[in-house]
Every structure is written in structure tokens, then in C-alpha cells.
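Shown next, in C-alpha cells, is the structure this report addresses.
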Amino acid sequence: MDWAERYRPEHLADILGNTAAVRQMTDWARNWTPDSRPLLITGKPGIGKTSAALALARDMNWEILELNASDARTKTIIERVAGNSATTTSLFGAERKLIVIDEADNLEGNADRGGARAIAEILKEARQPVMLIANDAYGVSDAIRKLCDPVPFRAITASTLEKRMREICATEQIACDSDALNAIAESAAGDMRSAVNMLFASATGRTAIAASDVNTSQKDERASIFDLVAGVYAGVSDTKIQKLSRECEEKPDTVMQWIEESASAVANQYQRKGAYNALSRADIYLGRTMRRQYYTLWRYATSLMTSGVAKEFSGAGFRPRIMPPSRWRRMGTAKKQKTVRRTLAAKLGESYSIPDSQIQKIYLDLLSRFAADAPLAFCERHDLDADQLTILLHDKTEAAAVFKEAQKNAREKETKMKKISAAKRAAARKAEEERAAELEKFIRENPPTPPFPQPEPVPEPIEPPQEEKKKAPAQATLDFF
Ligand SMILES: Nc1ncnc2c1ncn2[C@@H]1O[C@H](COP(=O)(O)OP(=O)(O)OP(=O)(O)O)[C@@H](O)[C@H]1O
């Protein structure tokens, strides 16, 4: 068994770092009722999110059901399990079943975009504790995020990583140099799983680890887009650039946009011109590849955009600040603004029965004034989010505060509704039980009387057959003569 698995914390008390998050999980579990909201645990990989969920279930003596959000069967399984009564005792005596849904940020990538909404619907009805785990909170669909309480996990500090590695070395009876632990902790960058894996790789076949033995190959060593762009401008050898290009997982058009972004920061205009020249030729090959669907041409595009641009600097060692393409930011902001306006117009159009286009062109100013008069009521009435409200109030901070208040009210209302429906259900159950008890009492007090004794049926007198009856007078007549 690898060390990351062998040293997985068994109890919540063994989880290192993230004290506030762990406390929040414990409080949630202790006070859990079927009305409690699910938890959304977020944070980078390898920092204890899954371990904390598993440890919590163990500490609470809950059964556990781990599901993957991107799995098509997840919805059905949750429906079946989470729909069960919250107090059903299982075969193993556990009172509850903790449902852990991993990769909750992976749902929208699914073919079925409605997947997130379907899971959100089920979460609303869930009568078992549910935890969702994601690396990126913003990758989780709005529909799901709104229903959950966030539990952010943070990267683990280098000193905590070192402390844990020291404990592991002590248990495994391996002497470990402080410099080695330092190097591993630095390379792991807050990721406990990476640190433990690197320690394992460095310790294999040894009884002592020195700094020179540290093996960081367990870390993801693939070249990133940053390595590639830095390589292109820093004047590394052509072979190295081609190697970085092969290892980098970005698509050629994305790589080109990154290199182009840095080219704009080059001060020397001749070098800049040369770089743009190579990039434009790479662009031609990319276009041809797509038009003709002839992917062999891709390699020329890639070579031109990497080695072609690097040649212009002839090893000058220029080190630009590597930034994501600014056009992404611009496109992203403009697109987001458009979407927000469109969805706002759709909501208001539906409320006031006015076409969306007219809301956008004519009524937005007027509605802004309504919103400014009573922002909270307006936000609640039209179910607006913070971005939509910002368009009306022209003030991001105020919009965020109003939206937060609206969310709080919505949560309270939801809890109240749940309580009312729970009370109604309980009342209906009680009425049913009372009716059954009354019926039982009535039956007890009025036992059914035994059936009346029926008189024995009197046998019908047997009449002589008709023929004999007729014959008798005939004989009498004969006798008479
Ligand atoms: N906070 C922690 N305390 C102790 N050990 C930890 C901690 N975090 C991670 N580990 C170690 O790393 C391993 C992996 O952790 P875990 O699966 O909980 O990470 P994760 O945050 O859920 O990552 P992912 O998002 O990739 O699923 C554990 O088995 C354990 O050995």
C-alpha cells in the first residue's frame, strides 16, 4: 500500500491544518437534521477534503456512500438513498448514510447540462446528510452552489507538511535530514498527498534520506504553458523547446495566443516584428489544418509559433511576465456582461409581461429607479443575483450586500417552509394514528354480535307424482261401474 493511503487520517482529529473547516464539518454533523443544507467542500487536490469526509462518517458512526458527480448513475442512486427516511437504521446499525459526491465541479462538462439542475433538485429533497467535494468552487453550477454551505479547505503550510513527514519517518524508522524534508515540502506547495508520495519515492530502498536523495518525480512534471512560453523567450535550445511543446497539454491555437500575448511586451520593435511574422505564418498553417482537416500541418504551425518566434530573439534571454491572453479577459468580461443583461431582461420581461428586447431598450432606466427605491424587495421579487442587481443599482458593493441579505432571507424562509411541511406531515401522521386508535377502541367496545341462530330448514312435504294423482279418479270411475 502506498504511504498516502496508509497514512490517510482515520479520525477528524488526525486531519492536519484547516481547523476552522474541520470544526464547521463537526458542528454540521452533530446538529444535522433532514432540514440541514448540504456542505460544499472546496480546495486544491491533496489537502484532505476526501479524508475529512471519510473521517467524519467514521467518527459519527455513519455509513458512507461515495459517488462521482460526473457518473450518469449518480442522480438515480442519490434519489434512492437520499430519499429514504433520515432515521432508517441500516443493517450495520448506523443511523445515517453520508452521501459524498466527488468532482462536483465536473458536472457541467457532462453531455447533459441539465445534470447539475437535476442533482440540485434531489439535494433539496435529500433526507440524508450530503457533502459535495470540488477543486474549484466556481466550477460548481449556481443551482448546486446556492443550496450548499461552503467549506473552503486551504493549502497546507510547509511546516505542517514537514511535521507530518517527520511522524511518518519515525513510524517507518527512517532517518530523515531536515534539508530533505524542506525540499519536499517546498516542491509539494501545500499538497499533502504530493509530499507523502515524494517522501515514499525518496525513501524506497533506504533507511535514511538526505537532500540529494529527494525524489520529486511523484509531482506532476509535465511542462506547463508557462514553461513553454518562458522557454521560447529565454533562448533555450530548439530541442528543448520542441520537448516542452510536446509535453504541454494546451492546443496549438491556445499556445499561440499565450506566445502572442508575451510578444506584445517585447521592447525591440525589430524583434517584435519578427515574432509577429512567425506567428502570422503559424496562424496560416493552423487555418489550413482546420479547413482541410489535415492535421499533419499542425506540426508546421507549432514549430513556427515556438521555434520560429524563439529564433527572432537568438538567445537574447528576454524574460517577459507571462500572462494569460488579455483577449480572453476582454472576451470573458464582455460575454459575461451580455449574458447578465440578457438574463436580467428575461426575468424582468416575464414579471412585467413585456418583451425582453423592450425591457433592454426602453424600460431599464425606469426599473433601475424602482430597484433603487426598495432594492431588497426588488431583488427578492424578481429573484435577481448580485450581477443582475449591479446593472440596476450601478453599485457593485451595494448590490452584493442586498443580494446577501436576500439570500439570508431565502434561507430562513426555506427553513421555515421545511418546518411547516414537517409539522404538517407530523400532524397528518398523528391524525391517522388517532383515527386508527379510535377505530380499534370502537371495535373493542362493540364486539361484533354472533350471527342469529337460523332455524333448521323444514323439509318440503313430498307430493305424490302427478301421474298417480290423475290415475286415482280413473280407477274410482271404473270401480264405480
Ligand atoms: N490534512 C491532511 N492531514 C493528513 N493527511 C492528509 C491531509 N491531506 C491529505 N493528506 C494525505 O493525502 C492523501 C490524499 O488526501 P485526500 O484524498 O483527502 O485529498 P483531497 O483533498 O480529497 O484531494 P482530491 O481533491 O485530489 O480528491 C491522504 O490519504 C493523506 O495521506
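Just so you know, these numbers come straight off a predicted model, no measurement behind them. Atoms within each ligand, like the ligands themselves, are counted from 1 in listed order.
Pairs of residues two or more places apart, or lying in two chains, that qualify as salt bridge (Lys or Arg N to Asp or Glu O under 4.0 Å) and include a residue from residues 25-52 are R37-D149. Evaluation of the salt bridge (Lys or Arg N to Asp or Glu O under 4.0 Å) test over residues 392-407, restricted to residues two or more places apart or in two chains, returns none.
Judged by distance alone, the side chains of Q173 and T207 never bring a donor and an acceptor atom under 3.5 Å apart. Between E172 and Y7, the side chains place a donor N or O and an acceptor N or O closer than 3.5 Å (distance only, hydrogens not considered).
Counting heavy-atom neighbours within 6.0 Å of R281 CZ, excluding the residue itself, gives a total of 12 or less.
For ligand 1, residues of the protein lying within 4.0 angstrom by heavy-atom distance are A4, Y7, R8, P9, I15, L16, K44, P45, G46, I47, G48, K49, T50, S51, N135, I156, M192, R193.
Applying the side chain to side chain contact (heavy atoms under 4.5 Å, CB included) rule to T239 yields the partners S237; only residues at least two apart in sequence or on another chain are considered.
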